[in-house]
Amino acid sequence: MVIVMKAKASQDQINNVEKLLKDLKLGVHVSIGSERTIIGVIGDKRKLADTPLEIMPGVDRLVPIMEPFKLVGKTFKPESSIVTVGDVEIGGNSLVMMAGPCAVESQEQLMETALFLRDQGVQFLRGGAYKPRTSPYSFQGLGEEGLKLLAEVRKETGMLIVSEVVSNDSLEKAIKYVDVVQVGARNMQNFDLLQNVGRSKMPVVLKRGLSSNIEEWLNAAEYIMGEGNYKVILCERGIRTFETYTRNTLDLSSVPIIKETSHLPIIVDPSHGTGKWNLVTPMARAGIAAGADGLMVEVHPNPQTALSDGNQSLNFESFKTLVDEIQKIAPILKREFSK
Ligand code: PEP
Ligand code: MN
């Protein structure tokens, strides 16, 4: 349930409501909007049965939440959230770009890619050290060694680092080296991992599950936020359908749906969303046009030799084209992206 305070409610009146709820051991989330304050309540609402909540000074009305999720929803927090990492804001007016190789392969590969991407205005270097591969015989990533290489490149370039965690153990390790953790499609419903990411308070990119609907995806974000971590960035990466021309079907309608339903920022991953490098730039353009707050793109100095996801990785030349085109589209949407 949310308590909508009157536009002219005083701070004392807000505090009184908050105190009543806290005394009843209910979860309280105060969201101060530009016009009025909204107080979200989590817990057993039967506790409120004999309270004067509805007639307390400053209270306008009580609104039940119909959706199965609360913290991620717009009812709970009508204003868009901005996730700040270092000096970069995700969900603000400027578009963010997360890019890099699917897997960290070597110091040379990573450094060469990072220097190129930084030059293109990319704020986040993304590379996987723990790779959840479909086949157990495929390259599984360098593990902690890969994280160390990422941290080294951060020191050299000043770029922010994003890397995937696949277990509580890899999360514990990644926290020491990265700025943002990624929970991949395969782990979107690993609830134990989600809760640990929540407790870690690390900014997190939460990808949509392979066959998850939007409600399941938002509930996964709710698991993280339920532990007090509000730094959640959603990432649409396509879902499995009967189509075989593409690896996944990039569901761009989720972008405006998320914008209507949730206050969380959302980025689009056209690399996994299509599985084919030649489709990445058109779908990146479409993602931004649909209202995404940024992109996650796989880039490799030589995609033909990539140890993972070479088919969908852009080479430097193609990525440059993508950036140029996004730069042209951004102002039409009243967004900024500067190199
Ligand atoms: C990845 O980002 O390399 C990855 C494995 O993505 P997803 O979880 O979307 O498949
Ligand atoms: Mn990949």
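Along the sequence shown, residues are numbered consecutively beginning with 1. Hydrogens, waters and symmetry mates are skipped; everything else that's a heavy atom, side chains included, is used. These numbers were taken from a predicted model, which means no experiment stands behind them. Atoms within a ligand are numbered from 1 in the order they appear, just like the ligands themselves.
When each of R247, K276, K131 is checked for a salt bridge (charged side-chain N to carboxylate O under 4.0 Å, His left out) with D309, only R247 meets the rule. Of the candidates I257, L264, I258, I257 is the only one forming a side-chain contact (heavy atoms from CB on, under 4.5 Å) with T261.
The pair E227-K201 does not meet the salt-bridge criterion, since no charged nitrogen lies less than 4.0 angstrom from a carboxylate oxygen.
A heavy-atom cutoff of 4.0 Å around ligand 1 is satisfied by the protein residues C102, R126, K131, E164, Q182, G184, A185, R186, K207, R237, H272, E298.
Heavy-atom neighbours of F319 CZ from other residues, nucleotides or ligands within 6.0 Å: above the threshold of 12. For E35, the CD atom counts as loosely surrounded, since its 6.0 Å shell holds 12 or fewer non-hydrogen atoms of other residues, nucleotides or ligands.
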Let's go through K47 and D23 carefully: what are the C-alpha distance in whole Å and the side-chain angles of both, what is the deciding distance for salt bridge (Lys or Arg N to Asp or Glu O under 4.0 Å) to 0.1 Å, and is it a yes or a no? CA-CA 11 Å; K47 287 184 182 174; D23 287 348; over 6 Å; no

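The shortest side-chain heavy-atom distance between T134 and R186 falls under the 4.5 Å cut-off.
Inspection of the E236 and S254 side chains reveals an N or O donor paired with an N or O acceptor under 3.5 Å. Side chains of E215 and N219: a donor-acceptor N/O pair is absent below 3.5 angstrom, by distance only.
Panel detail: the Mn ion (ligand 2) has protein N, O or S atoms under 2.8 Å away, 4 in number.
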